[in-house]
Protein chains: 2
Amino acid sequence: MQNTTSKKATIKGSYHHGDLRSSLLEAAKAMLSESGIEGLSLRKLADRVGVSRTAPYHHFKDKNELLCAIAQEGFDHWHSNAERILAQTDISNREKYHQFFQSYIGYAAENPEMYDLMFGRTIWKQNSATKDLRAIAYPSFQRQVEMTKKWQEQGLMSPQEDTLRLAQVTWGTMHGIARLLIDGIYADRSHIEEMCTCAVNLFIREPD
Amino acid sequence: MQNTTSKKATIKGSYHHGDLRSSLLEAAKAMLSESGIEGLSLRKLADRVGVSRTAPYHHFKDKNELLCAIAQEGFDHWHSNAERILAQTDISNREKYHQFFQSYIGYAAENPEMYDLMFGRTIWKQNSATKDLRAIAYPSFQRQVEMTKKWQEQGLMSPQEDTLRLAQVTWGTMHGIARLLIDGIYADRSHIEEMCTCAVNLFIREPD
DNA sequence: CCACACATCTTGACAGCGTCAAAATAAGAC
DNA sequence: GTCTTATTTTGACGCTGTCAAGATGTGTGG
């Protein structure tokens, strides 16, 4: 959209660069989707924005903090996606769940590198997630559990199963299919719809 | 077990080191399970085996080829595991599937770094898998599809679903749960059994 | 038995990475 | 207008994967 110069002119009350932090985030997101987490180096990022190698360190403690900040935006984006689907009132619960499921896989397929960052080992494996990121990510699963409970009460899902386990299994399925897709293992983008339908058939009981 | 010196003495008809290749593989597997893919560097590996930094390059074209060779051994290990379970004749089909499912998750939980290597993006994302690795990994899913077909015929799984999609979804579920576990996301080792039971309940129809 | 060919291993080098310390620069406050 | 503070840069260190060239040991053909 607009370049950094115009931003500088707009905000004006800023320091040397304008606002390096958001410029870095913007460029980093672009680099992420272009070349993945492995291809995102702080040096190339700084170069792209036009500052020296160590300039980013005054806005992010280290690379991990930058990655967490990017992931945060990813969660924001996905959450608004999910809310929009779940807020619908003119479709059946089954259809709503189907859309939710497919939209989750779709988000992963369309933003593979972002999804990998949000739900991959880079951040979560060695507990390197920022407090801010945790504050957005943790409620994400909590909501999944609550929704599962509601779906059970509505007779959409088996009421016999423990809610937490059911939520883990159903989310695990979405996560697994997403990962198979984005890692290019035995699954193809063109099969997304059929896979989702199949999964929903297994999880959702027929309406009475 | 035995150190390289004794191996050298045993095999004897070898060159400078004995057999560097298998020593490297052995040490690399140890380093992998100790500190993960990220912690496995060729230089530290060479140091550990007691050779110079570039010695490994005469046995593996590059790091990727070494990783593929390790993954191969992982597939071998898992396959023998799976065969043993599926060969049982004294238990019900349902129980057999349950054991298979739980054993898959168990393997991932007990060998998290190996699982990540075998089914993670490091190898598969940019099609960097060796021919040899492909020759072991691809039939692995093929077998999953064949088993799914058999389970459908036996009335264990829904015969209405397309076999390939069903195989993708059920394997996706195993893969997803495994990943949530080993990446430390919203799932705990102590819940493995319950999660597996829940998943099996969803996938397997009650016996008539 | 010796020389030659070859497999194997080592040393040196290069570019890239994340990150720290110290110096330079610009902005806002008094 | 000076001073404090925020921001940015330059220099450096150790780590990484990998290539080129040299050194060394092994097995083979004469």
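The sequence lines fix the lettering, A, B, ..., with proteins before strands; numbering per chain opens at 1.
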Just the rounded figure in Å: distance from [atom2] of [N] to [atom1] of [X].
X	N	atom1	atom2	result
A:K61	C:dT19	NZ	P	9 Å
B:E65	D:dT18	CD	C1'	14 Å
A:F60	C:dG18	CZ	C1'	16 Å
B:D47	D:dG17	CG	P	12 Å
B:E38	D:dG17	CD	P	12 Å
B:D62	D:dT18	CG	P	5 Å
B:I37	D:dG17	CD1	P	13 Å
B:Y57	D:dA21	OH	P	17 Å

What nucleotide, of C:dT10, D:dG17, C:dG18, holds the atom closest to the side chain of B:L42? D:dG17
Compare side-chain N and O positions of B:T54 against OP1 and OP2 of C:dT10 and report whether any pair is under 4.0 Å apart. no
Quick check on C:dC9: is either OP1 or OP2 less than 4.0 Å from any side-chain nitrogen or oxygen of B:H59? yes
A:Q168 side chain to B:A187 main-chain N or O, any donor-acceptor pair under 3.5 Å? no
Side-chain donor or acceptor of A:R53 under 3.5 Å from a matching atom on the base of D:dG11? yes
Mind checking B:K44 for me? I need base, sugar-phosphate or nothing, with any heavy atom below 4.0 Å counting as a touch. sugar-phosphate
The residue, B:H58 or B:K63, whose nearest nucleotide of DNA chain D is more 5′ is B:K63
Please determine whether the number of non-hydrogen atoms from other residues, nucleotides or ligands lying under 6.0 Å from atom CD of B:E193 exceeds 12. no
More than 12 heavy atoms from other groups under 6.0 Å of NZ on B:K96: yes
Using 4.0 Å as the upper bound for N to carboxylate O, is an ion pair formed by B:D47 and B:R53? no
Mind running side chain to side chain contact (heavy atoms under 4.5 Å, CB included) on A:L133 and A:M118 for me, showing each step along the way? CA-CA 9 Å; A:L133 178 58; A:M118 290 164 65; over 6 Å; no
